[in-house]
Number of protein chains: 2
Amino acid sequence: MAQVEIADKGSRRTSPAVASELLDAALVEFSLHGFAAASTRAIAQRAGWHQPQINYHFGSKEELWRAAVDHLFAELEAELGWLDEPAEDPVAALRASLGRFVAFSARRPELHRIMSVETTVDGPRLAWIVERHAGRLFAEVRQGWEAVRASGAGSALSSVEAWQMVIGLGARPFANAPEILRVTGVAPQVDEQRSLLERLLGL
Amino acid sequence: MAQVEIADKGSRRTSPAVASELLDAALVEFSLHGFAAASTRAIAQRAGWHQPQINYHFGSKEELWRAAVDHLFAELEAELGWLDEPAEDPVAALRASLGRFVAFSARRPELHRIMSVETTVDGPRLAWIVERHAGRLFAEVRQGWEAVRASGAGSALSSVEAWQMVIGLGARPFANAPEILRVTGVAPQVDEQRSLLERLLGL
DNA sequence: GTCTATACCGAGATAGAC
DNA sequence: GTCTATCTCGGTATAGAC
């Protein structure tokens, strides 16, 4: 194979991008196998570096996980670009955010995979991720949905129901794409999931 | 604590239920941590037996996993009680099956947890579970949904979309209940998820 | 068939040369 | 900062007494 799978023995490289490359590799491994089953050796190998560099740059596997999740949510929020929108037309604003969220979920299935695997048991990582990221995300969705409903638009659904639909139909299908493909024979598509959501939400 | 956490040292028990008890414990551990991260020690301890008995009764961790999944799907299919229904009224039949599925998913969140954690990567366990169980389940749902649509009832959705909704809104919320509770402040309820699904599906 | 003891392996973390 | 070598721990599986 032409691709380098691991740093050559005896060779010595230097790069300011080590941490960044380790983060990207960590996201893939953590999302595919979960925190406990992912190995720092596999992460380092995927990034083309050595395992002890994880401890050097991040201190521990747990801190690497937190840094990777921070990195991923930062990417999502940059794409959503909230906070600055004055929301003149709440329906158009929510439709736009929804479309960006579905596209992001398809491009970065790691986010929902990590959420899903790390949130079946109520442990410290769940508490951390909700307090730091997911809670704020839900608050934004709830606010957007209530604005839509107050304007007279949207289906007769609570914000919790709307949230469940966004996650269950806008993110989960891409995170579990291998399953859906094998079971139904078709892979989920961004446009179809988005239009399904818009129809069901009445946007 | 009154509960025995592990067999007492030096004591010696015998039971025809060893395998069954190990299966139940395995379902909990596998669903909470995934196949790789679950440990056979923890499974045996949860059941009150010793770790080598897993290899004695099942041969390997992998075979224990398959036996546990078989056991779980058998429970589901017994509850659904398909195959014998002549489906005179397709809407009533699907409504009834849907209600039973949602109730089962709440009572046994292990099923969707295992599906979710084992189906993000397209490995041998995904192929096994789809060919042996999930594929048949989808075929039943598709058949039921197409009968509903042919009778003129139901929302204008494909059977794949209906399937995604059943999983995403009828099973996932209970599998990830800790997350939903922390994020939204409310725990998913059987009646609410069922009525939400019936509304959206037009049943 | 149940149990103790242990072989063997891969994990995360660390020491220390460079 | 990067790398090799290694420590320690916990994992599955197995051997063999009972």
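Worth knowing before you read on, the calculation uses all heavy atoms, side chains too, and leaves out hydrogens, waters and symmetry mates. Residue numbers begin at 1 in each chain, while the letters A, B, ... track the order of the sequences.
Closest-nucleotide positions on DNA chain D for A/Gln51 and B/Ala42 were compared, and the one nearer the 5' end corresponds to A/Gln51. When each of B/Gln53 and A/Pro52 is assigned the nucleotide of DNA chain C bearing its nearest heavy atom, the one mapping closer to the 5' terminus is B/Gln53.
The separation between B/Asn55 atom CG and D/dA15 atom C1' is 12 Å, rounded to whole Å. When the C1' atom of D/dG10 is taken as reference, atom NE2 of B/His33 falls 15 Å away, rounded to whole Å. For the pair A/Ile43 CD1 and C/dG12 P, the interatomic distance rounds to 7 Å; values are reported in whole Å. To the nearest angstrom, P of D/dT2 lies 11 Å from CZ of A/Phe58. Rounded to whole Å, the distance from CH2 on A/Trp65 to C1' on C/dG12 is 18 Å. Taking atom CZ of residue A/Arg41 and atom P of nucleotide D/dT4, one finds them 12 Å apart after rounding to whole Å. Spacing between atom CG of B/Leu22 and atom P of D/dA13 amounts to 14 Å, rounded to whole angstrom units. Atom-to-atom, NZ of B/Lys61 to P of C/dC9 comes out at 17 Å; the value is rounded to the nearest Å.
Relative ring orientation between A/Phe35 and A/Phe30 is described as parallel, the plane-to-plane angle staying below 30° on a 0-90° scale split at 30° and 60°.
Between the side chains of A/Ser60 and A/Glu63, a donor-acceptor pair is found at a separation under 3.5 Å.
Within the 4.0 Å cut-off from OP1 or OP2 of C/dT4, at least one side-chain nitrogen or oxygen of B/His50 is found.
Considering every non-hydrogen atom in both B/Pro188 and B/Gln193, the closest pair reads CB-OE1, 4.1 Å.
In this structure, A/Ala36 reaches neither bases nor backbone, as no heavy-atom distance under 4.0 Å exists between it and the strands shown.
In A/Arg66, the CZ atom is crowded: over 12 heavy atoms of neighbouring residues, nucleotides or ligands sit closer than 6.0 Å.
In this structure, the nucleotide among D/dC3, D/dT2, C/dC3 sitting nearest to the side chain of B/Arg13 is C/dC3.
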